[in-house]
Number of protein chains: 2
Amino acid sequence: MMSQHPADDAPGQRRPESDGTATRPANGVHAPRQRVSMADVARHAGVSSQTVSRVSNGYPGVVDSTRQRVLAAMRELGYRPNSAARALKSGEFRTIGVILFTLATTGNVRTLEAITTSAAREGYAITIIPVAVPTQDGVHGAFTRLGELAVDAVIVIMEVHLLDTSTVTLPPGVPVVVVSADAGDRYSVVDTDQADGTRQAVRHLLDLGHRTVWHVAGPEESFAAGHRADTWRAILESDGRPVPPMLRGDWSTESGYQAGLQLLRESGCTAVFVANDQMALGVLRAFHEGGRRVPHDVSVVGFDDIAEASSFIPPLTTVHQDFTETGHRCVEGVLRQMRTDAPERGTTLVPTWLVPRASTAPPPA
Amino acid sequence: MMSQHPADDAPGQRRPESDGTATRPANGVHAPRQRVSMADVARHAGVSSQTVSRVSNGYPGVVDSTRQRVLAAMRELGYRPNSAARALKSGEFRTIGVILFTLATTGNVRTLEAITTSAAREGYAITIIPVAVPTQDGVHGAFTRLGELAVDAVIVIMEVHLLDTSTVTLPPGVPVVVVSADAGDRYSVVDTDQADGTRQAVRHLLDLGHRTVWHVAGPEESFAAGHRADTWRAILESDGRPVPPMLRGDWSTESGYQAGLQLLRESGCTAVFVANDQMALGVLRAFHEGGRRVPHDVSVVGFDDIAEASSFIPPLTTVHQDFTETGHRCVEGVLRQMRTDAPERGTTLVPTWLVPRASTAPPPA
DNA sequence: GGATGCGATGTTTACGTAAACATGGATTAG
DNA sequence: CTAATCCATGTTTACGTAAACATCGCATCC
């Protein structure tokens with residue numbers, strides 16, 4: 001009898017472990033997983049467990065001799081606080097969940113890294129919550145820490161509307177901050193200044209003398225991609241420039257390469273703004289293979305400023321995103337919401353700036 | 001009275017939160033963070049909380065009408081199981097901690113990604129435990145989930161011996177699997193077949209007719225880097241080839257570029273084996289800028305086979321690492337240790353294979 | 001010098017869950 | 001028809017911690 005209940009996705013439903021066979025240790029003969037509780041420490045130190053608790057939490061009101069005795073007992077017994085009990089009692093998990101769809105894009109990784117660092121500094125741990133959308137391979141029943149109470153707050157690094165069709169649902173009442181997505185009306189959003197970054201990139205190319213700028217956009221469902229594309233178009237239009245047809249990739253290098261192949265056929269193309277550095281790498285390769293010299297024949301600007309960008313051939317002019325700052329503000333945001341217990345909305349913008357390198361030049365004469 | 005206790009790093013010691021000011025909600029006036037317990041659901045459904053527990057865990061022995069009633073109550077009340085209570089009772093956190101030093105190297109990220117996916121499939125969540133070594137900026141007192149009991153197992157993606165000087169310590173009694181490090185005598189290790197991968201890379205170059213192969217190694221403290229370098233040297237020696245001086249980078253593209261600049265000065269260098277793809281990118285750039293054509297003048301082989309490698313200029317011949325398999329075996333390993341309660345040792349090797357692309361060719365005539 | 005207060009420590013209790021055990025009604029075997 | 005079962009459900013208890021409250025002794029104040 002596999003789980004046939006029609007309501008398998010009901011709140012609190014939990015996957016019975018693979019049929020219940022051979023799941024537990026054969027029997028309890030093995031050494032019981034080290035269990036040293038406060039009570040043990042207390043007994044060993046000749047104090048009450050409450051005093052141990054005070055020492056453990058660094059609270060005042062414990063005389064130094066006692067404190068030393070307790071600390072010694074902790075060390076001798078190898079005591080480690082049980083965070084489950086602590087969380088149960090305090091209602092805080094000191095954990096922030098980070099929901100993301102993939103670690104394949106550098107932007108996500110950089111953001112995650114920054115969040116982790118910032119959170120650690122505040123005494124919070126990060127739990128990764130991978131999201132599988134139905135169209136993916138069937139990672140069905142994937143365990144998510146959101147179905148249950150296990151995180152104090154959530155940071156979402158993906159398009160919120162995609163969450164609706166995914167395996168996780170944002171529980172109500174949990175502080176949320178969303179990165180680079182269109183959710184300012186529902187959640188607090190931290191975003192890099194996509195518009196300004198795009199403006200700098202396109203302006204840079206136009207100022208170099210290019211008649212217009214082509215664009216390789218990110219995937220349709222990405223808000224950041226859309227924002228960059230919209231801004232690109234708006235600038236060209238407001239400047240009275242022709243707007244070339246837009247190409248689309250999926251952030252991957254390979255998709256950038258494909259877009260580059262298409263651009264090779266456009267003899268009029270002298271400048272390209274690519275929505276991220278990874279795709280730009282593919283574009284560069286296509287141009288190289290097609291004999292189109294960068295930046296002599298065509299200029300390329302990327303977005304992200306990943307560490308590798310300065311070693312592309314040629315080194316890539318790109319828009320720098322301050323992922324550290326973004327991650328920091330995310331953590332700050334959820335912590336603030338936790339403390340005030342008040343959900344927030346609206347968007348915070350993190351500045352971006354252009355990093356001119358060797359992939360841009362005036363158009364060929 | 002800041003925390004002056006000399007034993008700040010004692011077990012169980014916990015950083016008092018930034019002086020205790022303005023940490024808690026001003027007062028408890030706000031809506032109490034949604035608290036729906038099993039008891040609430042039970043009351044609402046007119047059953048005992050134990051029955052709710054059974055339904056929640058998908059246990060048998062609940063008649064369908066009752067089950068439906070409970071599920072309905074859960075939905076209506078918005079019940080979410082409290083994982084802290086569950087963990088406290090069961091002693092399992094259903095969480096695996098992943099210790100790593102940086103997310104800047106693609107290898108780490110790919111491994112982490114694979115681990116996350118595999119773990120999710122088994123119903124485990126991943127907590128990231130960033131490690132700060134003292135030489136880093138002073139992320140002192142960074143909270144780690146290892147000081148306390150909060151993970152069921154640990155996967156280490158870094159050199160174990162570096163842990164000794166870091167802010168985290170591996171607690172005893174917790175299942176551990178180490179990735180690509182020299183710890184087979186203390187822990188279970190999952191490693192890609194560094195030696196075989198290196199052999200294939202070097203052999204490939206020699207077979208193409210190169211007299212010898214230069215090497216750009218990873219950082220000194222890296223076991224993987226050392227292993228690759230040792231194998232490289234051993235092959236050359238056993239084959240009676242001259243062993244050129246070894247260059248060293250730190251896995252970063254920039255360091256690869258620096259190594260490439262040095263190699264430019266070696267007119268006799270026709271083949272280079274670079275210890276990872278990111279550094280290889282830097283080497284390619286240096287060669288390009290120096291007018292050394294790849295692969296016409298010099299051949300380059302990388303290691304990792306990151307997604308971008310096929311779009312390097314030229315597309316990089318490299319050794320493919322099966323990160324998915326590696327991650328999978330890590331999770332498998334810790335779960336097995338958890339179930340049997342028996343620590344393991346020894347090394348598991350994941351096969352690697354050469355992916356020939358356009359960066360290698362016979363030496364110039 | 002006795003009331004006062006405060007600082008150090010102990011005692012009680014509740015957090016939410018799930019294992020272990022208990023109950024009671026229905027079904028079936030003899 | 002009764003006893004033995006069995007199944008659905010209820011009751012009790014313990015997990016480790018920390019808040020709240022209680023106590024006790026000593027120093028201070030007038």
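Worth knowing before you read on, the calculation uses all heavy atoms, side chains too, and leaves out hydrogens, waters and symmetry mates. Chain identifiers are assigned alphabetically (A, B, ...) following the order of the sequence lines, protein sequences preceding nucleic acid strands; residue numbering begins at 1 within each chain.
- Just one of A/Val154, A/Thr127, A/Val334, A/Val151 meets the side chain to side chain contact (heavy atoms under 4.5 Å, CB included) condition when paired with A/Ile96; it is A/Val334.
- The side chain of A/Tyr59 places an N or O atom within less than 4.0 Å of a non-bridging phosphate oxygen (OP1 or OP2) of D/dA19.
- Note that CD1 of B/Ile128 is 6.0 Å distant from CG of B/Leu103, once rounded to the nearest 0.5 Å.
- B/Ser83 places no side-chain N or O within donor-acceptor distance of the main-chain N or O of B/Arg86, the cut-off being under 3.5 Å.
- Although no hydrogens or angles enter the test, the distance criterion places no donor-acceptor pair under 3.5 Å between the side chain of B/Asp152 and the main chain of B/Glu92.
- Annotation: side chain to side chain contact (heavy atoms under 4.5 Å, CB included) contacts of B/Arg43 (sequence neighbours excluded): B/Ala39, B/Asp40.
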What N/O pairs connect the protein and nucleotides 4-6 of chain D at under 3.5 Å? Give each pair on its own line.
none

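- Legend: residues meeting salt bridge (Lys or Arg N to Asp or Glu O under 4.0 Å) with A/Arg336, ordered by chain and number and at least two apart, are A/Glu344.
- Of the possible donor and acceptor atoms, one in the side chain of B/Arg94 sits under 3.5 Å from a partner among the backbone N and O of B/Glu122.
- A/Arg54 contributes no side-chain N or O that, together with a main-chain N or O of A/Tyr59, makes up a donor-acceptor pair within less than 3.5 Å.
- Summarising the geometry, atom OG belonging to B/Ser118 is positioned 8.0 Å from atom CD belonging to B/Glu332; distances are rounded to the nearest 0.5 Å.
- Heavy atoms of B/Val52 sit nowhere under 4.0 angstrom from any nucleic acid atom.
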Please tabulate, one pair per line, each protein N/O and nucleotide N/O from nucleotides 11-16 of chain D that are separated by under 3.5 Å, including the distance.
none

With 3.5 Å as the limit, what N/O pairs link the protein to nucleotides 25-27 of chain C?
none

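- Atom CG of A/Asp64 is separated from atom C1' of C/dT9 by 15 Å (rounded to the nearest Å).
- Looking only at distances, a side-chain donor or acceptor of B/Thr116 sits under 3.5 Å from a matching main-chain atom of B/Leu112.
- The separation between A/Arg94 atom CZ and D/dT17 atom P is 16 Å, rounded to whole Å.
- Taking side-chain N and O atoms only, A/Ser90 has no distance below 4.0 Å to OP1 or OP2 of D/dA19.
- Looking only at distances, a side-chain donor or acceptor of B/Gln337 sits under 3.5 Å from a matching main-chain atom of B/Val176.
- Atom OG of B/Ser188 sits about 11.0 Å away from atom CZ of B/Arg329, to the nearest 0.5 Å.
- Helix-axis bend for the helix from C/dG1-D/dC30 to C/dG30-D/dC1: the local axis fitted to the five terminal pairs at one end deviates from that at the other end by 40°, rounded to 10°.
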Kindly determine whether A/Met74 and A/Val36 satisfy side-chain contact (heavy atoms from CB on, under 4.5 Å), including the steps that lead there. CA-CA 9 Å; A/Met74 283 178 168; A/Val36 180; over 6 Å; no
